[in-house]
Peer 1: 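Next up is a structure, given as structure tokens.
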Number of protein chains: 2
Amino acid sequence: MSDLFAVLAEPSRRRILDALRRSEGLLVKELVSGLGMSQPNVSKHLRVLRTAGLVSETAERQGRRYRLRADALREMDDWLRPYRAFWTNRLDELGDYLDSTHPNEGPQP
Amino acid sequence: MSDLFAVLAEPSRRRILDALRRSEGLLVKELVSGLGMSQPNVSKHLRVLRTAGLVSETAERQGRRYRLRADALREMDDWLRPYRAFWTNRLDELGDYLDSTHPNEGPQP
DNA sequence: CAGTTATATAACTGTCAAGGCATGTAGAAG
DNA sequence: CTTCTACATGCCTTGACAGTTATATAACTG
């Protein structure tokens with residue numbers, strides 16, 4: 001489970017990240033009640049996310065606060081970058097030209 | 001396996017997409033020899049990719065040509081977008097300020 | 001110290017998918 | 001029609017988790 005893509009393949013983990021993104025860090029109990037998952041399940045997922053460098057953990061009096069480490073997502077963004085060109089550059093700048101010369105190779109609706 | 005993220009969690013499938021991205025479509029046999037995977041394995045992955053809308057297939061005399069459908073990756077890009085702001089805006093514009101006030105909360109090397 | 005709260009961990013179980021092997025199939029070639 | 005090529009598909013085994021339940025740990029409270 002050391003692969004970033006495999007870590008993010010779990011919908012529950014993406015939901016955890018989404019929740020952390022909208023807040024300035026959350027306690028485990030807040031994630032449990034907020035997402036409606038069992039506490040051990042949340043803890044397990046947090047462990048995976050932590051191992052992947054996607055979240056950080058700090059101890060507090062009321063519990064442990066987990067924060068997003070969005071930086072770890074750059075690897076995914078890097079992989080995606082060359083593909084992004086297919087619908088940003090190509091379609092916007094060269095779309096008409098390509099469509100007129102290779103009408104069957106453009107993206108289908 | 002209808003979840004895009006789960007589909008892309010497989011390294012072999014990402015390699016297939018990478019290969020297709022660099023070319024204007026490839027035959028199955030070309031993928032097999034180029035990636036060094038077994039033919040049934042490649043066919044299976046292609047089926048998954050096709051179901052996810054990530055590749056398209058056209059029949060030719062020499063075989064079946066698969067092409068990238070980068071458009072299907074937009075869903076992943078959309079999910080990533082709000083996170084991207086964390087290292088584009090925040091780090092570039094406020095990075096120095098945050099580093100000077102919370103030196104331990106910045107991205108680790 | 002006893003009890004409560006917050007979280008982690010261990011053990012177990014069910015599910016699911018990846019990869020290998022063998023086989024089916026369709027088209028071109030002879 | 002037979003053979004080869006290119007590809008798909010079915011079956012099988014194995015391994016990897018996800019989720020639950022039960023229990024451990026740690027800190028705070030009274």
Side-chain angles (χ1 to χ4, degrees), chain A residues 1-20 23-69 72 76 79, chain B residues 1-20 23-69 72 76 79:
Chain A
M1 181 61 58
S2 54
D3 181 19
L4 177 65
F5 285 79
V7 170
L8 296 175
E10 253 326 292
S12 310
R13 285 196 281 262
R14 269 174 309 192
R15 292 212 306 144
I16 290 178
L17 291 182
D18 287 336
L20 292 179
S23 65
E24 199 61 34
L26 290 174
L27 302 175
V28 178
K29 56 174 281 193
E30 293 171 331
L31 282 166
V32 168
S33 65
L35 300 180
M37 320 170 40
S38 78
Q39 176 268 314
N41 199 11
V42 170
S43 279
K44 257 184 169 180
H45 284 310
L46 283 172
R47 181 168 177 69
V48 174
L49 291 169
R50 183 153 159 56
T51 301
L54 283 161
V55 302
S56 67
E57 173 210 356
T58 56
E60 294 189 4
R61 317 168 221 77
Q62 325 112 26
R64 306 198 185 179
R65 186 166 301 273
Y66 282 83
R67 291 179 227 263
L68 175 66
R69 279 239 173 284
M76 178 176 249
W79 181 83
Chain B
M1 179 60 57
S2 54
D3 182 21
L4 176 66
F5 285 80
V7 169
L8 296 173
E10 230 0 86
S12 311
R13 283 195 283 260
R14 268 171 309 184
R15 293 212 304 143
I16 291 179
L17 291 182
D18 287 336
L20 292 179
S23 64
E24 199 61 32
L26 290 174
L27 302 175
V28 178
K29 55 175 281 193
E30 294 172 332
L31 282 166
V32 168
S33 65
L35 301 179
M37 319 170 41
S38 79
Q39 177 266 315
N41 200 9
V42 170
S43 280
K44 272 190 194 173
H45 283 311
L46 284 173
R47 180 166 178 70
V48 174
L49 291 170
R50 181 152 159 60
T51 301
L54 283 160
V55 302
S56 67
E57 172 210 357
T58 56
E60 293 189 5
R61 317 169 221 75
Q62 326 113 26
R64 305 198 186 180
R65 186 167 302 273
Y66 283 84
R67 293 179 224 263
L68 176 66
R69 278 241 174 283
M76 178 178 247
W79 181 83

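Proteins get letters first, then strands, A, B, ... in listed order; numbering begins at 1 in each.
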Peer 1: NA contact type, B:Ser43, heavy-atom cut-off 4.0 Å: base, sugar-phosphate, or nothing?
Peer 2: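 Here B:Ser43 touches the bases of the nucleic acid.
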Peer 1: Need the pair for D:dG30. Rule: Watson-Crick or G-U wobble, both distances under 3.5 Å, any strand; none if unpaired.
Peer 2: C:dC1
Peer 1: Taking everything shown except A:Arg65 itself, do over 12 heavy atoms lie less than 6.0 Å from its CZ?
Peer 2: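 Atom CZ in A:Arg65 is packed in, count exceeds 12.
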Peer 1: Give the rounded distance in Å between these two atoms: CG of A:Asp3 and P of D:dC17.
Peer 2: 10 Å
Peer 1: Quick one: A:Glu57 CD to C:dA8 P, roughly how many Å, whole number?
Peer 2: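 Those two atoms, CD and P, are 6 Å apart.
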Peer 1: Got B:Thr51 and B:Ser2 here, is their nearest side-chain heavy-atom distance under 4.5 Å?
Peer 2: no
Peer 1: Within the 4.5 Å heavy-atom criterion, are B:Val48 and B:Leu54 side-chain neighbours or not?
Peer 2: no
Peer 1: For a quick test of your reading: what N or O donor-acceptor pairs under 3.5 Å do the side chains of residues 8-15 of chain B make, sequence neighbours left out?
Peer 2:
| from | atom 1 | to | atom 2 | distance (Å) |
| --- | --- | --- | --- | --- |
| B:Arg13 | NE | B:Val7 | O | 2.6 |
| B:Arg13 | NH1 | B:His45 | ND1 | 3.2 |
| B:Arg13 | NH2 | B:Val7 | O | 3.4 |
| B:Arg14 | NE | B:Leu8 | O | 3.3 |
| B:Arg14 | NH2 | A:Asp3 | OD2 | 2.9 |
| B:Arg15 | NH2 | B:Leu35 | O | 2.9 |

Peer 1: To the nearest angstrom, how far is B:Arg61 atom CZ from D:dC7 atom P?
Peer 2: 14 Å
Peer 1: What about B:Gln39, does its side chain sit under 3.5 Å from the base of D:dA8 through a donor-acceptor pair?
Peer 2: yes
Peer 1: Atom CG of B:Asn41 and atom P of D:dG10: how far apart are they, to the nearest Å?
Peer 2: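 Distance, rounded to whole Å: 16 Å.
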Peer 1: How long is the gap from CD on B:Glu30 to OH on B:Tyr66, to the nearest 0.5 Å?
Peer 2: 13.0 Å
Peer 1: With respect to the phosphate group of C:dG20, does any side-chain polar atom (N or O) of B:Ser38 fall under 4.0 Å of OP1 or OP2?
Peer 2: yes
Peer 1: At less than 4.0 Å, is any side-chain N or O atom of A:Arg47 found next to OP1 or OP2 of C:dT9? Yes or no.
Peer 2: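 Looking at the OP1 and OP2 atoms of C:dT9, one of them is under 4.0 Å from a side-chain N or O of A:Arg47.
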Peer 1: Of the nucleotides C:dG20, C:dT7, D:dT20, which has the atom closest to the B:Lys44 side chain?
Peer 2: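 From the listed options, C:dG20 comes nearest.
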Peer 1: Taking for each residue the nucleotide of DNA chain D bearing the nearest heavy atom, is the 5' side occupied by B:Arg65 or by A:Val48?
Peer 2: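 Residue closer to the 5' terminus by nearest nucleotide: B:Arg65.
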Peer 1: Can you measure from CD1 (B:Ile16) to CG (B:Leu68) and round to the nearest 0.5 angstrom?
Peer 2: 12.0 Å
Peer 1: Any salt bridge linking B:Arg67 with B:Glu24? Criterion: basic side-chain nitrogen under 4.0 Å from a carboxylate oxygen.
Peer 2: no
Peer 1: Just how far, in rounded Å, is C1' of C:dT7 from CG of A:Leu26?
Peer 2: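 Checked: the CG to C1' distance equals 15 Å.
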Peer 1: What's the closest nucleotide to the A:Pro40 side chain, out of D:dC11, D:dA18, C:dT9?
Peer 2: C:dT9
Peer 1: C:dG19 phosphate, OP1 or OP2: any side-chain N/O from B:His45 under 4.0 angstrom?
Peer 2: yes
Peer 1: Please check the phosphate of C:dA8 (OP1 and OP2 only) for any side-chain N or O of A:Tyr66 closer than 4.0 Å.
Peer 2: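 A:Tyr66 to C:dA8 OP1/OP2: side-chain N or O found under 4.0 Å.
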Peer 1: Whole angstroms only, please: what is the CG-C1' distance between A:Leu46 and C:dT7?
Peer 2: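 Taking CG of A:Leu46 and C1' of C:dT7, I get 10 Å after rounding.
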Peer 1: Is A:Met37 touching bases, backbone alone, or none of the nucleic acid, heavy atoms closer than 4.0 Å?
Peer 2: nothing
Peer 1: Can you tell me the distance, in whole Å, between the NZ atom of A:Lys29 and the P atom of C:dT5?
Peer 2: 10 Å
Peer 1: Which atoms form the tightest heavy-atom contact between B:Ala19 and B:Leu31, and what is the distance?
Peer 2: CB-CD2, 4.0 Å
Peer 1: Mind checking if A:Leu27 touches a base, just sugar-phosphate, or nothing, with heavy atoms under 4.0 Å?
Peer 2: sugar-phosphate
Peer 1: Heavy atoms from C-beta onward define the side chain here; which of C:dA8, D:dC17, D:dG19 lies closest to that of A:Met1?
Peer 2: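 Within the option list, the nearest is D:dC17.
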Peer 1: Counting only non-hydrogen atoms, which of residues 5-14 of chain A are less than 4.0 Å from DNA chain D?
Peer 2: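 Listed by number, they are A:Glu10, A:Ser12, A:Arg13.
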